[in-house]
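Worksheet for the structure shown next.
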Amino acid sequence: MLKKGFMLVELLLATVLLGIIVATAGIYGKYIGVMNTEIDRAAIVSMAKLGSGMEYLVQKMQHTDNKQVLDSDGKGVTFVVIYAGGKRTARIYFDRANNQMLYDYNIGDDKSAKVFLTDIIDVMFIKERIATGEERLAIEIEAAHKPYPVKLRTSVIGRNRAIPQWRIN
């Protein structure tokens with residue numbers, strides 16, 4: 001004679017297995033939530049650091065004569081700084097050996113360049129033409145971050161005068 005339905009043992013076993021699955025899913029969900037919170041917090045810190053470095057880079061170039069000379073590989077830019085009535089040639093570039101961005105305040109003196117960003121993966125300086133016929137300097141910087149790298153891009157538009165009024169796109 002065939003019985004329809006479940007026996008008490010089968011129901012208890014199914015309930016225990018369901019409880020184990022629900023508990024495992026709950027623990028996993030909490031672990032993923034904590035892990036994502038830590039990753040997001042670290043990503044915000046990395047982006048803030050990279051953004052500060054990008055702002056520093058743009059501020060240093062605000063007093064330029066607007067004739068930036070890009071390196072052939074796009075990893076650096078040389079420009080003449082006009083500040084407090086004087087002129088000097090400065091350079092911002094990527095040091096591949098140490099993964100750093102460096103600012104050489106005056107390439108004519110014997111002082112070493114200043115490090116202003118570390119843990120950099122890649123940098124690209126690009127001259128772009130925009131619709132009005134002006135050229136703008138675009139800057140892309142990618143920084144190391146776990147589990148994925150962070151990347152920022154900005155461009156600077158200026159007028160062809162000694163001290164341009166630049167804005168950041």
Side-chain angles (χ1 to χ4, degrees), residues 28 31-169:
Y28 180 72
Y31 172 73
I32 291 299
V34 169
M35 189 172 75
N36 283 340
T37 301
E38 291 300 317
I39 289 171
D40 291 344
R41 186 177 301 139
I44 289 169
V45 169
S46 292
M47 289 296 282
K49 177 183 167 188
L50 189 57
S52 295
M54 184 82 80
E55 180 184 6
Y56 177 84
L57 188 150
V58 170
Q59 285 177 354
K60 294 302 172 189
M61 297 182 70
Q62 282 182 339
H63 300 287
T64 182
D65 68 351
N66 209 22
K67 292 182 176 59
Q68 301 92 4
V69 178
L70 303 180
D71 292 354
S72 61
D73 60 357
K75 304 298 180 194
V77 61
T78 305
F79 52 96
V80 174
V81 176
I82 302 170
Y83 187 73
K87 286 186 176 188
R88 67 180 186 279
T89 303
R91 182 165 186 254
I92 295 176
Y93 61 98
F94 175 51
D95 178 14
R96 286 187 186 121
N98 299 315
N99 294 333
Q100 299 173 334
M101 284 296 295
L102 301 171
Y103 174 55
D104 195 348
Y105 178 79
N106 186 355
I107 62 175
D109 64 5
D110 293 334
K111 294 180 182 174
S112 60
K114 177 182 177 184
V115 176
F116 69 94
L117 274 176
T118 58
D119 297 328
I120 301 299
I121 296 171
D122 194 24
V123 174
M124 188 58 71
F125 292 95
I126 308 161
K127 283 279 190 159
E128 299 176 334
R129 283 215 178 272
I130 57 175
T132 60
E134 289 183 86
E135 277 191 343
R136 69 179 175 188
L137 178 65
I139 307 157
E140 294 179 1
I141 300 179
E142 186 174 1
H145 170 71
K146 302 283 190 233
Y148 50 83
V150 292
K151 189 173 190 176
L152 280 182
R153 183 182 196 282
T154 190
S155 57
V156 184
I157 302 173
R159 297 187 186 115
N160 292 322
R161 345 186 275 204
I163 301 176
Q165 300 300 317
W166 286 18
R167 65 182 188 273
I168 301 174
N169 276 352

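All of these numbers come straight from a predicted model, not from anything done at the bench.
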Does a side-chain heavy-atom distance below 4.5 Å link Arg88 with Tyr105? yes
Side-chain heavy-atom pair Lys111, Asn106 within 4.5 angstrom cut-off: no
Nearest heavy-atom contact between Val77 and Phe125 is CG1-CE2, 3.8 Å
Looking at every heavy atom in both Phe94 and Ile121, which two are closest together, and how far apart are they? CZ-O, 3.6 Å
Minimum side-chain heavy-atom gap His145-Met47 below 4.5 Å: no
Would you find a donor on one side and an acceptor on the other, under 3.5 Å apart, between the side chain of Lys75 and the backbone of Val123? yes
Report yes if some heavy atom in the side chain of Leu102 is under 4.5 Å from a heavy atom in the side chain of Arg91; otherwise report no. no
If you measure from CD1 on Ile139 to CG on Leu57, what distance do you get to the nearest 0.5 Å? 4.5 Å
Interatomic distance, Met124 atom CE to Asp73 atom CG [nearest 0.5 angstrom]: 7.5 Å
Going by heavy atoms in the side chains, are Leu50 and Glu142 under 4.5 Å from each other? no
When every non-hydrogen atom of Ile120 is compared with those of Ile141, the smallest separation belongs to CD1-CG2, 3.8 Å
Does the side chain of Leu70 reach to within under 4.5 Å of the side chain of Leu137, using non-hydrogen atoms? yes
Rounded to the nearest 0.5 Å, what separation is found between the CD atom of Glu140 and the CE atom of Met54? 8.5 Å
Measure up the Tyr56 and Tyr103 rings against each other and bin them: parallel (under 30°), tilted (30 to 60°), perpendicular (over 60°). perpendicular
